[in-house]
Amino acid sequence: MTVKVSVVIAVYNPGKYVEDCITGLLRQSLTPDEFEVFFVNDGSTDETPARLDQLAAEHPHFHVIHQESSGWSGRPRNTGIEAAQGEYVMFVDHDDWLGDEALERMYDYGKANEADVVVGKMAGIGRPVPQELFRVNRPRATVSNAPLIDSLTPHKMFRREFLNEHGIRFKEGRRRLEDHVFVVETYLRAKNVSVLGDYLCYYHITRDDGSNAGFQRFDPVGYFGNLREALDVVESLTEPGALRDKLFSRWLRNEMVERLRGKRLLKLPEDYAEELYTEIHKVVTERFGPGVVARLGLTQKVVAGLIFADRYQDIRTLAEWEAGIKPTGELTSLEWQDGTLRVGFDSELHIGDEPMTFRREGGRLLLGLPLPDEALKALDDQGIALDAPLAKSDVDLVVRHREDARQFYLPVKSELHEAAAGEGAFRQRISARAELDPETAASGAPLDKGIWDLHLRIKSCGWSKETRLGAVRGADVEAGRSAALVGDAVRLVLPYWTDGPGNLSLDVDQHTGKLEGEAVARMDPAAASVDGATVRLPLPLHHAVDGGEPVQLRFERKNVGKYPADATVAAGALTAELPLEQLTGMRWAVRVGVPSAARGERKWTRLPVDVVVAADGTAKVIDRHTPPATKKAAPSAPKKKAAAPRPLWRRAAGRIKRALTNQKKG
C-alpha cells in the first residue's frame with residue numbers, strides 16, 4: 001500500500017514534552033501501513049535518542065534518524081523530506097501534538113481538492129494562533145481570497161512531489177524565520193491550498209518551562225536580516241501592486257508594529273527595545289511604501305507612521321496609553337429557547353476604569369491619541385488620518401474548551417450605539433445577541449463533554465481585545481439560567497458562574513458535579529408539592545428533547561431499597577408518579593437521574609428534599625434538612641447516686657489483711 005503521509009519531526013532535547021507528541025501519533029486513525037513517522041534527532045544530549053530508538057523498535061512505521069546538531073530545525077526537516085515516501089509530508093514540532101484524526105482528515109481533504117498544501121485548524125495552548133483563517137473550511141484558498149499569510153508556521157501537510165518539483169527546502173543553520181521563507185514560497189507556487197477549519201488538527205503549545213525556541217529573545221540584526229529573505233521570496237514571485245502590498249503588510253503588522261505596542265514594548269529592557277526599534281526602522285524605510293501601510297488598521301497605521309517619521313519616544317508614549325486599554329462586557333440576557341441558549345451582552349473598550357471616548361469634528365469621527373502636535377503633523381504629512389472607523393467595530397463570541405483550547409465562533413448579531421461622554425465627546429457601545437446550539441456549535445457538530453468557557457473579542461480601530469463574559473451581568477440574567485436536556489443522545493448542558501470572577505461557562509454532559517451545586521441548590525423546597533401520588537419538584541431544568549431516555553427520580557433509604565420513577569420535565573419542574581406501595585410509612589431521600597451520553601448511563605444527583613409517605617398512603621415533600629419526626633420517649637427512672645470511692649488507707653489495709661491470710665494458709 002502507498003504511504004499516504006510521512007510525518008517529519010525535528011528533535012532536539014525535548015525532554016518530557018515529546019511524550020505528548022508520541023501519544024498523538026499513536027492515536028492516529030490512519031492505519032500503521034498508511035503513514036510513517038521520521039524523528040530526526042539533531043544531536044540531542046538528553047534521554048530522547050534512547051526513547052525514540054525504543055519506540056521505533058516497537059512500531060515498525062516509526063523511524064529515527066540520528067545526525068549531528070545543526071543548531072536549528074531547517075536541516076533536520078530537510079533530512080526528513082529526503083527520507084519520506086508518503087504522498088504528503090506533515091511537519092510536527094517535538095513538543096506539539098496532533099488531533100486523533102488529523103492525518104486522515106487532512107489527507108482526504110487534500111486529495112479531494114487536489115491540494116499542494118493542506119492547512120489544518122490549529123489551537124494555541126498558551127500561545128496565539130490565527131483565528132480568522134479557520135472560521136470556515138476553504139477548499140480552494142489563495143493568498144488573495146483568504147488570510148493564508150496569517151499562518152506561516154510549517155505545521156501543515158505538503159504534497160511531496162510538489163516540494164521536489166520546485167526544489168522547496170528549508171534554509172539551514174542557526175537562523176530565524178526559515179519557516180516563513182519555506183511556507184510563503186509554497187503558498188505562492190501551489191496550484192491549490194486547502195484549509196480544513198472544522199476539525200482541530202494541531203495543538204501548538206507553550207512549554208511550562210518557557211523554553212520554546214520561538215519565545216527566546218533574538219538578535220534584532222540577525223532576525224530582521226532573515227525576515228528580508230521572506231520579503232525577497234514575495235518580490236520574486238509577485239508583481240508590484242496590491243497583492244504584494246497585502247502580503248508585505250503581514251510582516252509590517254505582526255513582526256514590527258505589534259512588537260512596538262502596549263505592554264509588549266514596555267516589558268522589554270529599554271536598551272534592547274531601542275535596538276529592536278532601530279532594526280525595524282531600517283526595514284520599514286527600505287522595503288515598504290504607502291500601499292503597505294494602507295492595509296493596516298487605524299492604530300497600526302499610527303505606529304507605522306511614527307516609525308517612518310523616526311519618532312521612537314512618541315511610540316513609547318502611545319504604548320503607555322495603549323497598555324491601559326481593556327475590553328469590558330456585560331451579560332444582559334440568558335435563556336433557553338427550543339434547545340438553543342440565547343446570550344445577550346454589551347461590550348465596550350475602556351482606558352483604565354473609564355470608557356474610551358471619541359470626538360466629532362464636522363463630519364469626522366476622530367480617535368483621541370496622547371501625541372504631541374509634532375507627531376500628529378508627521379502623521380498628517382504621510383496621509384495618515386485619525387478618522388475612527390467606528391462603523392466597522394464588531395464583536396465575536398467564542399466558546400472555548402478549557403482543557404484543549406478548541407474554540408468555535410457563535411452566530412452573533414450586533415448593533416452599534418453612541419452615548420454622550422462630556423463636551424464634544426462620545427463613547428461607543430456594542431450590543432449583541434448570540435445563539436449557542438450545543439448540538440451544532442462545534443462547526444456543525446455537538447459540543448462534547450467538558451467545560452466550555454465563553455469569551456468575547458472586541459474589534460475596533462485596529463485593536464482586537466478579548467475578555468471573559470459574565471462577571472458583570474444584568475439584574476434579569478439569573479432568572480434565565482437553567483440547565484437543559486439537549487440532543488438525540490440526551491445530555492445535560494448547564495450554564496454556571498465560575499468560582500471567583502463569576503464568568504459564564506458551560507458544563508456539558510455533567511463533566512463535574514455542578515448540577516447539585518448550581519441548579520439543584522437553587523431549587524425551592526417550599527414550592528415542591530404532592531397531589532395524590534403525583535409529585536412536582538421545581539427544578540430549574542429546560543427540556544428540549546423529543547423522546548429519548550427519560551429523566552428519572554429515585555426514592556431511596558439506606559438498608560431498605562431504591563425505587564425509581566420516570567419523570568417528565570416541563571415549565572421548570574419535574575413531575576413523577578410516586579410508587580406509594582413501596583414507600584408507605586417511611587421518609588425517603590430523593591435523587592434525580594439525568595442521562596449522560598459519555599457515561600452511557602444516568603448520573604444521579606441528590607435533591608434538597610425528602611418525601612415522607614404516611615401509613616395511610618398520604619405523602620408530602622419536606623426540606624431534607626428538617627429533622628425526622630420522633631416518638632416522645634417515656635421518662636426514665638432517676639439514676640442512683642454513685643457511691644463515693646473508699647479512702648486509700650482503707651484499700652491498703654484490706655490488701656495487707658488478705659496477704660496475711662494467704663500466708664497463714666500457705
Side-chain angles (χ1 to χ4, degrees), residues 336-340 438-439 446 449 482-495 507-614 616-624:
W336 287 101
Q337 292 185 10
D338 300 324
T340 296
E439 294 302 290
K449 183 173 182 175
S482 62
L485 295 166
V486 301
D488 295 331
V490 183
R491 313 176 293 150
L492 187 79
V493 178
L494 173 65
D507 181 347
V508 176
D509 204 11
Q510 302 178 82
H511 182 69
T512 70
K514 289 188 177 296
L515 177 61
E516 182 171 7
E518 292 286 329
V520 172
R522 293 186 291 122
M523 176 179 170
D524 181 8
S529 63
V530 180
D531 183 5
T534 303
V535 60
R536 185 178 186 276
L537 304 177
L539 185 69
L541 187 62
H542 175 80
H543 193 258
V545 180
D546 295 326
E549 189 176 7
V551 174
Q552 285 190 344
L553 291 178
R554 190 170 73 193
F555 308 93
E556 56 186 54
R557 185 179 177 93
K558 188 175 182 181
N559 299 325
V560 177
K562 299 177 181 179
Y563 300 100
D566 287 347
T568 59
V569 181
L574 294 175
T575 305
E577 294 298 310
L578 297 171
L580 289 177
E581 61 278 7
Q582 282 91 14
L583 307 182
T584 299
M586 294 186 184
R587 175 171 172 164
W588 300 84
V590 184
R591 292 184 183 273
V592 60
V594 179
S596 171
R599 292 163 60 98
E601 59 184 14
R602 288 184 183 85
K603 186 173 180 179
W604 295 92
T605 301
R606 181 78 159 89
L607 296 183
V609 295
D610 287 346
V611 168
V612 179
V613 182
D616 62 0
T618 60
K620 63 179 179 179
V621 181
I622 62 173
D623 190 317
R624 77 179 186 193

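Predicted, not measured: the structure shown is a model, and the values here were computed from it. Numbers here are sequence positions counted from 1. All heavy atoms count here, side chains included; hydrogens, waters and symmetry mates do not.
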What residues form a side chain to side chain donor-acceptor pair (under 3.5 Å) with R606, not counting sequence neighbours?
D610

For the backbone of A589 and the side chain of R624, can you confirm whether one donor and one acceptor N or O come within less than 3.5 Å of each other?
no

Just to verify, what does R522 make a salt bridge (charged side-chain N to carboxylate O under 4.0 Å, His left out) with, not counting sequence neighbours?
E478

Distance, nearest 0.5 Å, that separates CG of L492 from CG of D509
8.0 Å

Applying side chain to side chain donor-acceptor pair (under 3.5 Å), can you list everything that pairs with T605, at least two apart in sequence or on another chain?
none

Non-hydrogen atoms of R602 and G593 that approach each other most closely:
CD-O, 3.5 Å

Between P446 and R491, the two heavy atoms sitting closest are CB-NH2, 3.8 Å

Using a 3.5 Å cut-off and no angle test, enumerate the donor-acceptor pairs between side-chain atoms of residues 524-541 and protein atoms at least two apart in sequence or in another chain.
unit_1 : atom_1 : unit_2 : atom_2 : d
D524   : OD1    : A526   : N      : 3.1
T534   : OG1    : E577   : OE1    : 3.3
T534   : OG1    : E577   : OE2    : 2.5

Residues passing the side chain to side chain donor-acceptor pair (under 3.5 Å) test with E516, sequence neighbours excluded, are none

Taking only distance into account, with no hydrogens and no angle test, what donor-acceptor pairs under 3.5 Å do side-chain atoms of residues 557-567 form with protein atoms, sequence neighbours excluded?
unit_1 : atom_1 : unit_2 : atom_2 : d
R557   : NH1    : R587   : O      : 2.7
D566   : OD1    : Q552   : NE2    : 2.9

Atom pair CZ/CG of R591 and L553 - distance to nearest 0.5 Å:
12.5 Å

Just so I know, are the side chains of V493 and W336 near enough to count as touching, which here means a heavy-atom distance under 4.5 Å?
yes

Suppose we screen for side chain to side chain donor-acceptor pair (under 3.5 Å). Which residues come up paired with T618, at least two apart in sequence or across chains?
D616

Considering all heavy atoms of both residues, which atom of Q582 and which atom of W588 are nearest to each other, and what is their separation?
O-CZ2, 3.5 Å

For a quick test of reading the model, state the closest non-hydrogen atom pair linking Q510 to P595 and the distance between them.
NE2-O, 3.6 Å

Heavy-atom nearest pair, F555 first then V590, reads CD2-CG2, 3.9 Å

Can you give me the closest heavy-atom contact between E439 and D488, atom names plus distance?
OE1-N, 4.3 Å

So, using side-chain contact (heavy atoms from CB on, under 4.5 Å) as the criterion, who are the partners of K514 when residues are at least two apart?
L494, Y496, D507, T512, E518

